[in-house]
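Below, each value reflects all heavy atoms present in this structure, side chains not excepted, and no hydrogens, waters or symmetry copies.
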Amino acid sequence: MELKIRPEEIRNDLVKKVEELAGVNVFACYQCGKCSSGCPSVPYMEILPNQVLRLLQFGKVERILQTNTHWVCASCFVCSTRCPKDIDIAAIMEALRQIELRKNQDYLIVRRIDTEEMKEFPPIALISAFRKLTA
């Protein structure tokens, strides 16, 4: 079985939308991993920030949207400041949140969060989520 990836599958409409919203070329990333190594939210993410970039490079936006990674991102910009290619990874995470919110998915209702679960999340992630996802 031969695996072929067609260019139209890689740079699909969702990848183009992420690039447009973030103002970033996702194909500039060469997977050094500095974004993931400095991220304070990594222990709570299902996939690492550099893996988000890699999945974008393969056109797998829907796979990223199935994870919690873009929601857990605290937008602290550590990843963006560490990137040797000046890729604004925080802007990519925001673009992914915007794409998902435009689908009317994962709207955060604070009173529905279990008190015990709240104790497990890092405070910066909660504050970031409250700012982004509450009315």
Side-chain angles (χ1 to χ4, degrees):
M1 182 170 126
E2 188 176 330
L3 178 65
K4 288 189 179 186
I5 300 175
R6 297 186 316 248
E8 61 271 11
E9 291 173 349
I10 292 174
R11 199 176 274 270
N12 60 41
D13 289 339
L14 279 176
V15 173
K16 289 177 187 175
K17 182 54 95 175
V18 169
E19 289 183 318
E20 177 186 342
L21 289 171
V24 171
N25 175 4
V26 300
F27 296 95
C29 175
Y30 58 80
Q31 294 294 306
C32 69
K34 288 184 179 185
C35 55
S36 297
S37 67
C39 178
S41 299
V42 158
Y44 308 98
M45 294 178 170
E46 292 175 6
I47 60 175
L48 302 174
N50 68 301
Q51 293 171 326
V52 168
L53 268 291
R54 193 62 174 154
L55 286 168
L56 284 169
Q57 291 171 341
F58 282 111
K60 303 296 183 185
V61 179
E62 289 298 332
R63 170 67 182 99
I64 299 165
L65 296 178
Q66 294 169 358
T67 71
N68 71 348
T69 299
H70 54 293
W71 296 111
V72 172
C73 169
S75 298
C76 65
F77 298 100
V78 169
C79 54
S80 298
T81 57
R82 287 183 167 219
C83 180
K85 297 291 282 181
D86 293 322
I87 299 170
D88 191 351
I89 297 141
I92 291 171
M93 297 296 191
E94 178 62 24
L96 291 165
R97 288 189 291 266
Q98 289 301 316
I99 287 170
E100 197 156 5
L101 285 172
R102 289 175 184 177
K103 294 180 180 180
N104 294 322
Q105 295 176 350
D106 289 330
Y107 186 80
L108 179 66
I109 300 173
V110 178
R111 65 182 169 274
R112 289 190 185 167
I113 301 174
D114 182 45
T115 308
E116 292 303 313
E117 279 185 348
M118 271 233 226
K119 291 177 184 175
E120 292 181 27
F121 294 119
I124 192 169
L126 287 172
I127 292 167
S128 178
F130 294 159
R131 266 192 319 213
K132 297 173 199 161
L133 306 173
T134 57

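Taking the side chain as every heavy atom from C-beta outward, Ile64 and Thr69 never approach each other to under 4.5 Å. Within the 4.5 Å cutoff, no side-chain heavy atoms of Glu94 are placed close to those of Leu21. A heavy-atom distance below 4.5 Å is not found between the side chains of Thr67 and Val52. At a threshold of 4.5 Å between non-hydrogen side-chain atoms, the residues Val18 and Leu96 count as touching. No side-chain heavy atom of Phe27 sits under 4.5 Å from any side-chain heavy atom of Leu56. Looking only at side-chain heavy atoms (C-beta outward), Pro49 and Val42 come within less than 4.5 Å of each other. Between His70 and Ile99 the shortest side-chain heavy-atom distance does not fall below 4.5 Å. Residues Pro122 and Pro40 fail the side-chain proximity criterion, which asks for heavy atoms closer than 4.5 Å.
The heavy-atom pair separating Val26 from Ile92 by the smallest distance is CG1-CD1, 4.1 Å. Ala28 and Ile87 get closest at one heavy-atom pair: C-CD1, 3.7 Å. Counting all heavy atoms, side chain and backbone alike, Thr81 lies closest to Val78 at OG1-O, 2.9 Å. When all heavy atoms are compared, the tightest approach of Ile89 to Cys35 is CD1-CB, 3.5 Å. Ala90 and Cys79 get closest at one heavy-atom pair: N-SG, 3.8 Å. The shortest heavy-atom contact between Cys29 and Gln57 is O-NE2, 2.9 Å.
Under the 3.5 Å distance criterion, with hydrogens and angles disregarded, no donor-acceptor pair is assigned to the side chains of Gln66 and Glu62. Judged by distance alone, the side chains of Gln51 and Arg54 never bring a donor and an acceptor atom under 3.5 Å apart.
Hydrophobic clustering (ILVMFWY, side-chain heavy atoms < 4.5 Å, transitive): Met93 and Phe58 are in one cluster.
Expressed to the nearest 0.5 Å, how far CH2 of Trp71 lies from CG of Leu65 amounts to 9.0 Å. In this structure, CG on Leu48 lies 11.5 Å from CG on Leu53, to the nearest 0.5 angstrom. From Lys17, atom NZ reaches atom CD of Gln98 across 10.5 Å, with rounding to the nearest 0.5 Å.
With hydrogens and angles disregarded, no donor-acceptor distance shorter than 3.5 Å links the side chain of Asn50 to the backbone of Gln31.
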### Message
The test is side chain to side chain contact (heavy atoms under 4.5 Å, CB included); show your working for Cys39 and Met45 and say whether it passes.
### Response
CA-CA 10 Å; Cys39 178; Met45 294 178 170; 3.7 Å; yes
### Query
Given Tyr44 and Glu120, is the side chain to side chain contact (heavy atoms under 4.5 Å, CB included) satisfied, shown in steps?
CA-CA 9 Å; Tyr44 308 98; Glu120 292 181 27; 5.9 Å; no
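For Arg97 and Glu100, the salt-bridge test fails: no basic side-chain N is under 4.0 Å from an acidic carboxylate O. Here Glu116 pairs with Lys119 in a salt bridge; the nearest charged N to carboxylate O distance falls below 4.0 Å.
More than 12 heavy atoms of other residues, nucleotides or ligands sit less than 6.0 Å from atom CG of Asn25.
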